[in-house]
Protein chains: 2
Amino acid sequence: MTSETKDRILNTAERLFADEGVGVTSLRDITKEANVNLAAVNYHFGSKVELLKAILERNLRPINNQRIKLLDDLSKKNKGEIPAIEDILSAFLGPPFYAWAELDTTEEKQQGLKFLRFLGQCHSASEEIRASLFEQFDLVVERFTEALQTALPNLAPDEVRRRMEFTLGAMSHTMILFELTAQKQDEKETPRQLFESLIRFAAAGFSTTSPLATSKKNISKKSKK
Amino acid sequence: MTSETKDRILNTAERLFADEGVGVTSLRDITKEANVNLAAVNYHFGSKVELLKAILERNLRPINNQRIKLLDDLSKKNKGEIPAIEDILSAFLGPPFYAWAELDTTEEKQQGLKFLRFLGQCHSASEEIRASLFEQFDLVVERFTEALQTALPNLAPDEVRRRMEFTLGAMSHTMILFELTAQKQDEKETPRQLFESLIRFAAAGFSTTSPLATSKKNISKKSKK
DNA sequence: GTCTATATGCGGATAGAC
DNA sequence: GTCTATCCGCATATAGAC
């Protein structure tokens with residue numbers, strides 16, 4: 001049996017990290033609430049950061065698998081033909097939202113929102129946390145960057161990468177705001193609206209033509225008519 | 001004289017926070033390097049977080065002032081006429097970059113990049129830091145949201161706000177990546193390219209037409225031709 | 001192997017002498 | 001205003017009980 005203690009730590013920590021935040025949740029808080037000894041965390045995981053990584057891994061794997069699956073399905077469906085930008089982005093940005101939308105009870109949904117917020121925070125946390133996030137995320141981002149490059153053959157590779165980063169930034173920021181959005185508009189389906197808006201925003205950003213030549217110093221030269 | 005000690009703390013902390021990160025920089029590190037007593041931080045600022053707020057305030061004020069000024073100039077220049085989206089976004093996203101571009105020496109530039117990264121991190125730090133960031137930022141965001149709404153009269157107010165959030169997310173994420181980008185491409189002007197790409201990406205995102213009706217469950221229905 | 005009791009050292013904060 | 005001494009909570013390490 002893989003140590004019930006280990007699972008109890010994992011579950012309790014997951015809830016506390018999402019609920020209260022990683023920074024303010026101490027190992028003492030976790031072990032007290034889980035009714036295990038303080039040293040158990042170190043025995044089973046090695047450190048607080050390693051525990052965090054384990055939680056990330058456990059929750060991110062199914063989401064990333066779904067992303068890849070959706071992307072593969074896109075390619076298969078339209079045999080040979082290149083998928084639309086919006087569909088590619090939907091396969092990438094959708095899964096975290098789907099995972100949330102599929103939850104049943106109100107409490108589960110609330111908990112799920114908190115986890116999304118937690119995930120978003122990890123994107124811009126300490127270097128070490130970011131690193132462990134991207135350990136499993138990098139390959140996914142790579143695959144989607146390739147797909148987008150194929151769909152946008154005229155866009156310079158550097159520019160595709162930059163736009164992918166902008167999308168990642170908008171995504172993580174959106175995840176942080178998810179909770180607030182959902183609570184404000186009591187129970188309404190606004191998270192879905194937020195998610196749809198994000199896809200549309202990013203798709204438009206990706207689809208715009210290459211940036212102006214960088215020779216001119218004056219950057220914004222657009223006419224008003 | 002407003003305490004030379006206070007200034008020394010402020011300067012040293014600013015450098016260390018940006019250089020090493022807020023989390024790993026202890027008050028002991030700061031006070032040792034600044035040659036002041038450990039208790040001085042608490043006397044002058046109250047706490048580590050308050051010190052951080054003071055640094056944020058000092059650096060953000062001129063940037064935010066420039067943002068407002070640029071926006072005002074836009075309105076004045078084309079009397080009555082509504083400015084282009086790209087110009088509005090340029091006035092908002094440009095100042096942090098200008099502040100960096102105006103620095104002279106290589107060391108100053110490097111330091112400036114680190115500060116931009118630090119600023120970006122604050123966007124998704126603890127609730128308390130975020131709050132102090134937005135204490136002075138909220139009004140600016142409000143003004144620009146209004147300007148964008150005016151330039152996009154057909155876009156629902158909720159949607160304008162959402163897109164502003166996406167832009168903020170892309171911006172803070174970009175600031176975090178600034179340092180890396182600049183170092184990779186040895187000394188080249190890529191930060192400017194990054195900044196221009198961001199404006200273009202966000203402008204396209206803002207300019208796209210309203211999202212699909214939310215009645216349909218199937219979200220991505222775009223045809224390929 | 002699994003867990004506990006306990007120790008180490010560093011962090012921010014503070015009371016009170018000067 | 002400045003400094004010393006000290007407090008308490010923290011993550012982490014380890015010795016040894018079961």
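Numbers restart at 1 for each chain; the letters A, B, ... are given by sequence-line order, proteins then strands.
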Looking at B:Thr5, I'd like to know whether one of its side-chain N or O atoms comes within less than 4.0 Å of OP1 or OP2 on D:dT2. yes
Are any of A:His44's side-chain N or O atoms less than 4.0 Å away from OP1 or OP2 of C:dC3? yes
What's the separation between atom CD1 in B:Ile88 and atom CG in B:Leu74, rounded to the nearest 0.5 Å? 7.0 Å
Taking the six-membered ring of B:Phe45, is the NZ or CZ of B:Lys53 close enough (under 6.0 Å from the centre) and on axis enough (within 45°)? no
Separation of C:dC3 C1' from A:Phe45 CZ (nearest whole Å): 14 Å
Round to a whole Å and report the spacing from CG of B:Leu51 to P of C:dG11. 16 Å
Just checking, any donor-acceptor pair under 3.5 angstrom between side chains of A:Asn64 and A:Arg143? no
Is the ring centre of A:His123 less than 6.0 Å from the ring centre of A:Phe118? no
Report yes or no: do A:Ser75 and A:Asp72 form a side-chain donor-acceptor pair below 3.5 Å? no
What is the distance, to the nearest angstrom, from the CG atom on A:Asn35 to the C1' atom on C:dC3? 14 Å
Tell me, for nucleotides 4-18 of chain D in 5' to 3' order, what letter each nucleotide earns: B for a base near a protein heavy atom under 4.0 Å, S for only sugar-phosphate near one, - for neither? B-----BBBSB----
Residue set satisfying side-chain contact (heavy atoms from CB on, under 4.5 Å) with A:Ala13, at least two apart, ordered chain then number -> A:Phe17, A:Ile30, A:Leu51, A:Ile55
Please determine whether a side-chain nitrogen or oxygen atom of B:Tyr43 lies at a distance below 4.0 Å from atom OP1 or OP2 of D:dT2. no
Please report, rounded to the nearest Å, how far the P atom of D:dT2 is from the NZ atom of B:Lys6. 11 Å
